[in-house]
Amino acid sequence: MSAVFVVNSGSSSIKYQLIDLATEKATVTGLIERIGEPGSFIANHAEGMQVVLAKLGDVDDLIAVGHRVVHGGSEFDGPTLIDDEVEREIEALARLAPLHNPANLLGIRAARRALPDVPHVAVFDTAFHQTMSPAAYTYAIDAEIAREYKVRRYGFHGTSHKYVSEQAALQLGTPLADLRTIVLHLGNGASVTAVDGGISIDTSMGMTPLQGLVMGTRSGDIDPAVLVHLNRAAGMSVTELDELLNRRSGLLGLTGMGDMRDVQDAAINGNEAAELALQVWRHRIRHYIGAYYAQLGGLDALVFTAGVGENNALLRRRALAGLEHMGIMIDNDRNELASRAARVISPAGAPVTVMVIPTNEELEIARQVASIV
Ligand SMILES: Nc1ncnc2c1ncn2[C@@H]1O[C@H](COP(=O)(O)OP(=O)(O)O)[C@@H](O)[C@H]1O
Ligand SMILES: CC(=O)OP(=O)(O)O
Ligand SMILES: [Mg+2]
């Protein structure tokens, strides 16, 4: 028997799981929240990691530690054994993912210090999207500037998109190579990916996890000239604009509420701002479904995953209503079935198989770690 310890170190939290490779089940699982917030008894990630490791206790069969790292740039396209050099590269990439990479790095440093005798492996959100073509990842700006500052689309949530698209093929009993799939990862952060035969060909997030869908607090797609305008007309600084788009936009910006459950309740109770937010959220999702249907040259499966996608039948139905002309339809009874299992929610015989598949980034990380140690 052997186990992999998986760490997902976020800006204010550390999520962790000990995964037994034989059964692929988590034998220890936990979450430390509100690191560094006023009143929290955990001041930083090093301290948080001590608490996590104390809970983990002694594991004789630990073969490696896997770390989720959000930004791997163009440097990393697969699971990577972490040494001091890799740590430095992750640090250098923090400029492209200031909300995520510094926290990932703190987790790595604390865990390497505490568990120096096992290999530590980084699994990057960006890796799965490294297969995108230059046509899909190039922004049409000055090519020299783009090269020098590494400006291009990278895409994120790749570990989830990979896991979910593979599960879809397994569930349908279709070879992955034959399947054209759109994965809707709708969590607090949200992204859509077009997967052709197991390969990511396009994704909605960009150079950073800000582009694309309407998220809890992030704006998603916006005309970049809005930033110039707000700088000139409202005197907003770069820092203020960053804060505006990443932390005070999306559902929160439109309604004052960042959690989809609250927005939905408000909309049902007649709150007009909440209803508009749901319409914008839905409009953006459909924009990407249409775009990726075209890029894929047809569609076999459309999959919902992550917090909102897995749990909210009403929003799934709203997102897809009126797409019957594309072969995309939902069976209401199947959709509303309360189940935690991967399942089909389109009617039997529908041209596009619509599915709900719970994501499991930790298990996918453990598998990738095991593949290289
Ligand atoms: N039943 C539900 N209806 C709508 N939203 C939900 C529901 N359950 C969870 N969520 C939303 O899912 C989000 C968390 O999803 P998750 O995939 O865990 O995101 P993250 O990994 O980005 O934290 C929360 O913002 C929460 O509002
Ligand atoms: C990349 C990203 O947006 O991650 P999360 O959804 O965990 O914030
Ligand atoms: Mg997530």
Side-chain angles (χ1 to χ4, degrees), residues 6-17 29 31 33-34 67-73 93-94 96-104 107 123-129 153-164 183-193 203-220 245-247 249-252 255 257-268 274 277-278 281-282 285 304-319 335-336 338-340 356-365:
V6 178
V7 182
N8 181 349
S9 180
S11 49
S12 68
S13 68
I14 303 176
K15 293 185 210 161
Y16 57 95
Q17 285 191 11
T29 160
L31 165 69
E33 287 182 291
R34 298 177 185 276
H67 296 269
R68 177 187 182 210
V69 180
V70 165
H71 217 309
L93 288 162
L96 298 178
L99 294 183
H100 294 95
N101 272 39
N104 302 154
V123 175
F124 299 91
D125 261 44
T126 44
F128 181 57
H129 302 300
R153 183 190 301 281
Y154 294 97
F156 300 88
H157 293 138
T159 308
S160 174
H161 288 294
K162 178 177 193 295
Y163 174 82
V164 166
V183 181
L184 292 162
H185 176 111
L186 309 176
N188 183 35
S191 66
V192 197
T193 297
T203 193
S204 60
M205 281 180 167
M207 183 184 82
T208 77
L210 179 57
Q211 200 181 348
L213 299 177
V214 176
M215 309 183 215
T217 65
R218 290 171 242 171
S219 62
L245 295 190
N246 272 302
R247 299 185 194 270
S249 294
L251 298 177
L252 180 67
T255 70
M257 296 167 276
D259 193 301
M260 186 51 110
R261 287 166 286 206
D262 299 333
V263 175
Q264 189 180 27
D265 286 347
I268 288 169
L278 290 183
W281 175 86
R282 164 184 193 264
I285 288 174
F304 286 96
T305 195
V308 183
E310 291 168 27
N311 297 309
N312 198 307
L314 200 63
L315 289 173
R316 286 195 298 264
R317 192 170 75 197
R318 247 188 114 157
N335 186 39
E336 271 150 40
S339 161
R340 297 291 310 139
V356 177
I357 298 182
T359 193
N360 194 339
E361 289 162 298
E362 290 75 18
L363 174 57
E364 178 59 33
I365 290 171

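Whatever order the structure lists ligands and atoms in, that order sets their numbers, starting from 1. Starting from 1, each residue takes its place in the sequence as its number.
- Proximity to Gly189 (heavy-atom distance under 4.0 Å) selects the following atoms of ligand 1: 22 (O).
- A 6.0 Å sphere centred on CZ of Arg247 holds no more than 12 heavy atoms belonging to other residues, nucleotides or ligands.
- The shortest N or O to N or O distance between Gln264 and ligand 1 is not under 3.5 Å.
- Looking at ligand 1, you'll find an N or O of Gly307 within less than 3.5 Å of one of its N or O atoms.
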Apply the test side-chain hydrogen bond (donor to acceptor under 3.5 Å, both in side chains) to residues Ser160 and Thr359: give CA-CA distance (whole Å), side-chain angles for both, the deciding distance (0.1 Å), then the verdict. CA-CA 6 Å; Ser160 174; Thr359 193; 2.8 Å; yes
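- Considering only non-hydrogen protein atoms, atom 26 (C) of ligand 1 sits nearest to Arg261 NH2, 3.4 Å.
- Put simply, the side chain of Leu31 reaches to within 4.5 Å of the side chain of Ser13, judged on heavy atoms.
- Within a 4.0 Å radius of atom 18 (O) of ligand 1, the protein contributes no non-hydrogen atoms.
- The ligand atoms of ligand 1 that sit less than 4.0 angstrom from a heavy atom of Lys15 are 21 (O).
- Asn188 N, 3.7 Å is the protein heavy atom nearest to atom 13 (C) of ligand 1.
- Residues Val192 and Val183 have side chains not in contact (no heavy-atom distance under 4.5 Å, counting atoms from C-beta outward).
- Atom 8 (O) of ligand 2 has its closest protein heavy atom at Arg218 NH2, 2.9 Å.
- In this structure, Val70 and Asn104 have side chains that are in contact, with non-hydrogen atoms separated by less than 4.5 Å.
- Taking any N or O of His185, backbone or side chain, none lies under 3.5 Å from an N or O belonging to ligand 1.
- Of all protein heavy atoms, the one closest to atom 27 (O) of ligand 1 is Asp259 OD1, 2.6 Å.
- For atom 11 (C) of ligand 1, the closest non-hydrogen atom of the protein is Val308 CG2, 3.7 Å.
- Shown in contact with Ala306 at under 4.0 Å from a heavy atom are these atoms of ligand 1, numbered in order with element: 17 (O).
- Taking the side chain as every heavy atom from C-beta outward, Val69 and Asp125 never approach each other to under 4.5 Å.
- Contact analysis puts Arg68 in contact with ligand 2, with a non-hydrogen atom separation below 4.0 angstrom.
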Where do His71 and Thr126 land on the side-chain hydrogen bond (donor to acceptor under 3.5 Å, both in side chains) test, with the steps shown first? CA-CA 6 Å; His71 217 309; Thr126 44; 4.8 Å; no
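- Here Glu362 does not pair with Arg68 in a salt bridge; the nearest charged N to carboxylate O distance is not below 4.0 Å.
- Proximity of His157 to ligand 1, defined as any heavy-atom pair under 4.0 Å, is not found for any part of the residue.
- Residue His157 places at least one N or O, backbone or side chain, under 3.5 Å from an N or O of ligand 2.
- Close to ligand 2: Met205, with a non-hydrogen atom less than 4.0 angstrom away.
- Two residues are said to be in side-chain contact when any heavy atoms from C-beta on lie closer than 4.5 Å; Ser219 and Val214 fail this criterion.
- Near Pro209, the atoms of ligand 2 lying under 4.0 angstrom from a non-hydrogen atom of the residue are 1 (C), 3 (O).
- For ligand 2, the atoms sitting less than 4.0 Å from at least one non-hydrogen atom of Phe156 are 1 (C), numbered in the order shown with element in parentheses.
- A donor atom on one side chain and an acceptor atom on the other are found under 3.5 Å apart for Thr203 and Thr193.
- A side-chain donor-acceptor contact under 3.5 Å links Asn312 and Gln264.
- Per-residue contacts place Asp125 under 4.0 angstrom from the following atoms of ligand 2 (heavy atoms of the residue considered): 1 (C).
- The nearest protein atom to atom 1 (N) of ligand 1, hydrogens excluded, is given as Asn311 CB, 3.4 Å; this is a heavy-atom distance.
- Not a single heavy atom of Gly216 sits less than 4.0 Å from an atom of ligand 1.
- Proximity of Leu186 to Thr305: side-chain heavy atoms (C-beta onward) are nowhere separated by under 4.5 Å.
- Of all atoms in ligand 1, numbered sequentially from 1 with element shown, those under 4.0 Å from a heavy atom of Asn312 are 3 (N), 4 (C).
- Using modelled atom types and a 3.5 Å distance limit, the side chains of Ser191 and His157 yield a donor-acceptor pair.
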